[in-house]
Every structure is written in structure tokens, then in C-alpha cells.
Engineer: 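This structure is in C-alpha cells; I'll ask about it shortly.
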2 protein chains.
Amino acid sequence: MLRVDVIDQRIISRLVADARSSYAEIGKAVSLSAPAVKRRVDRLLETGVLRGFTAVVNPEALGWGTEAFVEVHCQGNVSPDRIRQRLEPLPEVVAAYTVSGAADAIVHLRAANIHHLEDALERLRAVDMVSRTVSTVVLSTLLERPPAPEPGQ
Amino acid sequence: MLRVDVIDQRIISRLVADARSSYAEIGKAVSLSAPAVKRRVDRLLETGVLRGFTAVVNPEALGWGTEAFVEVHCQGNVSPDRIRQRLEPLPEVVAAYTVSGAADAIVHLRAANIHHLEDALERLRAVDMVSRTVSTVVLSTLLERPPAPEPGQ
DNA sequence: TATGAAATTAGCCGGTA
DNA sequence: TACCGGCTAATTTCATA
């Protein structure tokens, strides 16, 4: 049900590189007809291997020039689902993870500027379960890329 | 040159939600003809507001089940560009940022499993400029989403 | 806006495990 | 039988002018 063969991986690679390329074009690269490619893509979407297709936007161009990673420490035992529920309404949260170690979660924030970031941090700290936060402001983005289609190991 | 109006924002929203939707479909939503939408999208790509289109893959489905954030401490003064050059060859690095604070950089790693992650960490630590690393293993992903088309502030 | 070219998509058939 | 791919045709979409 979650079988992904070599051809699927090559199709995924193509779609990761350019999600708007046509099935015919992809088919030429993997020696398949366009309908065959569509069938595989539909199956990959259905089985959840592919979650969808999206545009990659330049955050700075949209006025999201400032970002930070925030370690969130919670008081008491909090379920991951409850943390997610509280973080979801904050529009500045672009990603959040529960983690091992001292902190309970790592939250990736994006804001228009330092003042906006400060404001977002304040709202994050105001979430009832949050007891302490440790922020690390991003100075520059060195690298951002999708995971390779097949794990190296 | 980097002007983005309200209609552009709505087009970007649509493309972020589904990069494979047709220009005609987007046009219907923003009350524009398909060629008009195409002109705007082309312009957004040219000015760098849109970087491209990509498929969102389920990392677990492809065997990338383990991830970690790593604080990297470097010895001496190292330029961001040099750090990027050294990180780029490591396929497990999906994102990297220079940051303020004690650490010099934060690296987002994705691996097939804990053993693979350990292996990748070892290769990261072997990079000459790296003096110390602090790893935080991700237990679960609470949230992952693109930034909203317009900043809240 | 309109027109030719290209892509999408559903249906049908054949080969194979 | 179930699965997978190719082929065809109707429709939609694209990219010109």
C-alpha cells in the first residue's frame, strides 16, 4: 500500500524540482506514457507519499524578513496535540516539533521584522502551558532544500 | 521591481495551496483571465517573489523518519558562505541558518533512522571548522506550513 | 479576445504475475 | 483475477498573436 519503486522516486524527483512540469515531459524522462505517469502520481497522492504541490515563495519578498527558532519549555506534562492546538492559531509559527532534551518543543517563527518577532514571541509566551522560552534569531539562511528522494542509507 | 499587490497575494495563496492548479482556475478565483494570471506569475518568478514550484513529500513514506536540529559551534571567524560550502555536500542537511547567540549555525538534519542520523552527525562533526555540536532529536512534527501571504504586521 | 497547439483525463484493451 | 501500461478520443488548458 505504500510501495514506492525506482520509477516513483524519479517521478517524485521531477515533481520536487518542478511541480508544474507536464506528465508528458515527466513521462519522457522515465520512459512512460503521460497517462501512466498520472496514474502513478494519483496513487502517490492517495497513499500519502505525496502530500501535494506548492509554490516556493521568497519570504523576504513578501515582507517576512525575520525568523527565529524558539525552544519552548512547558510546565507539567503536556500532550503534543495540545501544544499543536495552542500554536496553530499563531500565524507566525511556520513549524513546530516536539523534541528530546531539555526543551519540550522547538518552534520556527517567521515575522516581518524584529518588532513583529518580539510581538509574536510575547504571544507565544502568553500561551498558558509555556513556562520559558529560549530564542535564537536567524541571521542568514545558508541552505534550504527538500530531502533527497531516496535516503542515503 | 518587487511590487506585490493584493491580487498577487491571492494568486500566491492559490499556488501555495496547489501549485498544479491551472491559470484559468486561479483566474476565476481572482476575477482575471488566464493570460493575465500567467503574466503575473511570470513576473513573480522573474522578480524572485516566487522561487518555483515543488512537490510536498511525506518524509516518512520515503524512509526519512528521523530528524534533528543541531547547533553548530565553529572555531574562529568563519564566513557564512564557507559554512554553506561545507554543509552543501551532506545530503542529510535539509536546512541551515547562521544565528545569533552562542551557536554559529543551526542545521536541520533528516535521516532514515537513528543510526543514519548518528552517521550524518559524525560527518557533520568531521567538517574542519566545526568545534562542537549540540543535537536535539525531533520526536514529532506538530506543525509545518508555508508563511502566510501577507505578514500580520 | 480568439485560435492553433499541447496537455489532461477517462475509457478500453492487452500482457503478466 | 488484479495490476500495470499503452493507446485513443473528447475536453480543457496553454501560449501565441
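A note on names: the letters A, B, ... follow the listed sequences, proteins ahead of strands, and every chain is numbered from 1.
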Engineer: Return a single string for nucleotides 4-17 of chain C, one symbol per nucleotide in 5' to 3' order, where B is base contact, S is sugar-phosphate-only contact and - is none, cutoff 4.0 angstrom on heavy atoms.
Structural biologist: ---SSBBB------

Engineer: Does atom CZ of B:R20 have more than 12 heavy-atom neighbours from other groups under 6.0 Å away?
Structural biologist: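 Count over threshold, so yes.
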
Engineer: Without decimals, in angstroms, what is the distance between B:I26 CD1 and D:dT12 C1'?
Structural biologist: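 The answer, rounded to whole Å, is 15 Å.
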
Engineer: How about A:Y97 and B:E67: does a side-chain donor come under 3.5 Å of a side-chain acceptor?
Structural biologist: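 There is no such pair (donor and acceptor under 3.5 Å, judged by atom type) between the side chains of A:Y97 and B:E67.
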
Engineer: Taking atom types as modelled, find out whether B:E92 and B:H116 have a side-chain donor-acceptor pair closer than 3.5 angstrom.
Structural biologist: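 B:E92 vs B:H116: donor-acceptor pair found between side chains.
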
Engineer: What is the distance, rounded to the nearest whole Å, between atom CZ of A:R40 and atom P of D:dC4?
Structural biologist: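 It is 8 Å, rounded to the nearest whole Å.
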
Engineer: In the structure I gave you, are the side-chain heavy atoms of B:F53 and A:V16 within less than 4.5 Å of one another anywhere?
Structural biologist: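 Heavy-atom side-chain distance check fails, nothing below 4.5 Å.
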
Engineer: Taking ring-ring contact (aromatic ring centres under 6.0 Å, His included) as the definition, give me every residue that meets it alongside B:Y23, ordered by chain and number, with sequence neighbours left out.
Structural biologist: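 Once residues adjacent in sequence are excluded, B:Y23 has no partner under the ring-ring contact (aromatic ring centres under 6.0 Å, His included) criterion.
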
